[in-house]
Protein chains: 2
Amino acid sequence: MPFTAAEENYIKTIFQLQLNEGMVSTNSVATALETSAASVTDMLKKLKLKKLLVYEKYKGFKLNNEGKKTALGIIRKHRLWETFLVNILHFKWDEVHEVAEQLEHIQSNQLIDHLDDFLGNPQFDPHGDPIPDSAGKMPILSQINLTKFPLHVVGEICSVGSQSSDMLSLLSHKHIEIGSKISVEQYFAFDESIEVKINNKLLVNISAKLAQHLYVKKMNYAS
Amino acid sequence: MPFTAAEENYIKTIFQLQLNEGMVSTNSVATALETSAASVTDMLKKLKLKKLLVYEKYKGFKLNNEGKKTALGIIRKHRLWETFLVNILHFKWDEVHEVAEQLEHIQSNQLIDHLDDFLGNPQFDPHGDPIPDSAGKMPILSQINLTKFPLHVVGEICSVGSQSSDMLSLLSHKHIEIGSKISVEQYFAFDESIEVKINNKLLVNISAKLAQHLYVKKMNYAS
DNA sequence: AAATATTTTTAGACAAATCTAAAAATTTAA
DNA sequence: TTAAATTTTTAGATTTGTCTAAAAATATTT
Ligand SMILES: [Mn+2]
Ligand SMILES: [Mn+2]
Ligand SMILES: [Mn+2]
Ligand SMILES: [Mn+2]
């Protein structure tokens, strides 16, 4: 029932990979964790033995229900700690990942439930990602990638797909943050860049690469 | 420069043992960490190699300046986290030790300095123990064990030498907490128990064993 | 379909941290 | 000052998590 930090890092990574792909490959985990494929195979045998995943050699693998539940518990801790670091200790959002990567492995249900209450049971972390509750339930996020957002509709930036400080400084230069109102005004086929209006006034150009990392939800009230 | 959690636990334990004894023995560390003497010897070789302690086989050992500095850093983290757990997350003082034992190993200077500021740079932890600052300096605590406190002098409970919940419940039953005013009114030679007055009104009897775990400082103002 | 490339697994090794059992050194007692 | 008891160290294993190199399986080209 208690897992090592190494096991937890694998579980979390596999969970995130299978959200997109369904089935996960040895190499994709190795790449994500910056380790060797051989190490991944070793760990897969262990996690299979502990009945956290479905795995047949050479056939790929995925977490079963027990594995998914475990993963959501780790993700819950990671995102609550990130929220604590940003909201309470005034870290910037690009400074929290490494520390949360350690804090997520602290074993204490009492700790994480008290932290959750202290933070006011937040629904989203500083990057706009949903925080699972103690039962593993997450608010569903009807977010759309900015590249797929219709023209002239006002939405709200609700999450960013990267946590690099390079991206943070670019966003802050363009006066974009989580919660900013945004509408796509024009699409330029040549370089796939778009022109957007921020908070109903500022017009800025956004590269295709940046747009791929921004997620928007439609405003549920008139702009 | 970064140490493993196992190394840090040894360093902290040796520091605390050498505060009393000066020189530390293999067995005393083994007992404190509930491990085998052989494991202690193994670790001593490693810590000597890393130049944290003075050690000659069969002769005992002690931390050098680098080792002491490292120990104080770990103790700082441990006590700041305990303060956070009690003051902010409303843990009871007998519930924090195990979690702080994990949290003390999180590696991030930024984290611990921000936490320190957020807590208001506290000088003492919930058990009354002094918290080293980021340079390793600790407030000197002129505390006296209750068994050595003179008769009829009013003092203040400032620290407890144990964190067991058995002790906590006993203290709360006697209406004693950190900050309580206390004076020793009578000494009973038969069982070495003492009668004390709490907050200038309540008379209670304290066993020799309990008194050994209570530390008192003289009030610097008139009672 | 065969050849080639890629992915995955196995084999064997290593460092960290632990253990038990036995040997060596030191301390205490007779 | 020997003998006995205690403490400490060594020797040899074990578990966890990692690695590299080589073999096996699968996928992609030609
Ligand atoms: Mn992690
Ligand atoms: Mn996040
Ligand atoms: Mn610890
Ligand atoms: Mn304490």
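Per chain, numbering begins at 1; letters A, B, ... match sequence-line order. Just so you know, these numbers use all the heavy atoms, side chains as well, and skip hydrogens, waters and symmetry mates.
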Pairs touching residues 48-73 of chain A that satisfy side chain to side chain donor-acceptor pair (under 3.5 Å), sequence neighbours left out: Glu7(A)-Lys50(A)

Exam field: side chain Arg76(B) to backbone Pro132(B), donor-acceptor pair closer than 3.5 Å: yes

Salt bridge (charged side-chain N to carboxylate O under 4.0 Å, His left out) pairs, two or more places apart, involving residues 129-150 of chain A: none

Spacing between Asn9(B) atom CG and dA16(C) atom C1', to the nearest angstrom: 14 Å

Side chains of Asn109(B) and Asp113(B), donor plus acceptor under 3.5 Å: no

Interatomic distance, Leu49(B) CG vs dA16(C) P [rounded to whole Å]: 10 Å

Atom of Asn9(B), atom of Leu33(B) and distance for their closest heavy-atom approach: O-CD2, 4.1 Å

Results of side-chain contact (heavy atoms from CB on, under 4.5 Å) for Gln110(B) - residues two or more places apart only: Phe91(A), Glu95(A), Ser108(B), His114(B)

All side-chain contact (heavy atoms from CB on, under 4.5 Å) counterparts of Leu119(A), not counting sequence neighbours: Leu80(A), Thr83(A), Phe84(A), Ile88(A), Leu115(A), Pro122(A)

Distance in angstrom units between Leu33(A) CG and dC19(D) P, rounded: 10 Å

Distance test, side-chain N/O of Ser39(A) to OP1/OP2 of dC19(D), below 4.0 Å: yes

Nucleic acid footprint by protein, nucleotides 5-11 of chain C - heavy-atom cut-off 4.0 Å, B for base, S for sugar-phosphate alone: --SBBB-

Interatomic distance where CE belongs to Met23(B) and P belongs to dT26(C) [whole Å]: 14 Å

Any Thr35(B) side-chain nitrogen or oxygen under 4.0 Å from OP1 or OP2 of dC19(C): yes

Centroid separation His127(A) to His97(A) less than 6.0 Å: no

With 3.5 Å as the limit, what N/O pairs link the protein to nucleotides 1-5 of chain D?
none

Contact under 4.0 Å: Ser36(B) side-chain N or O vs dC19(C) OP1/OP2: yes

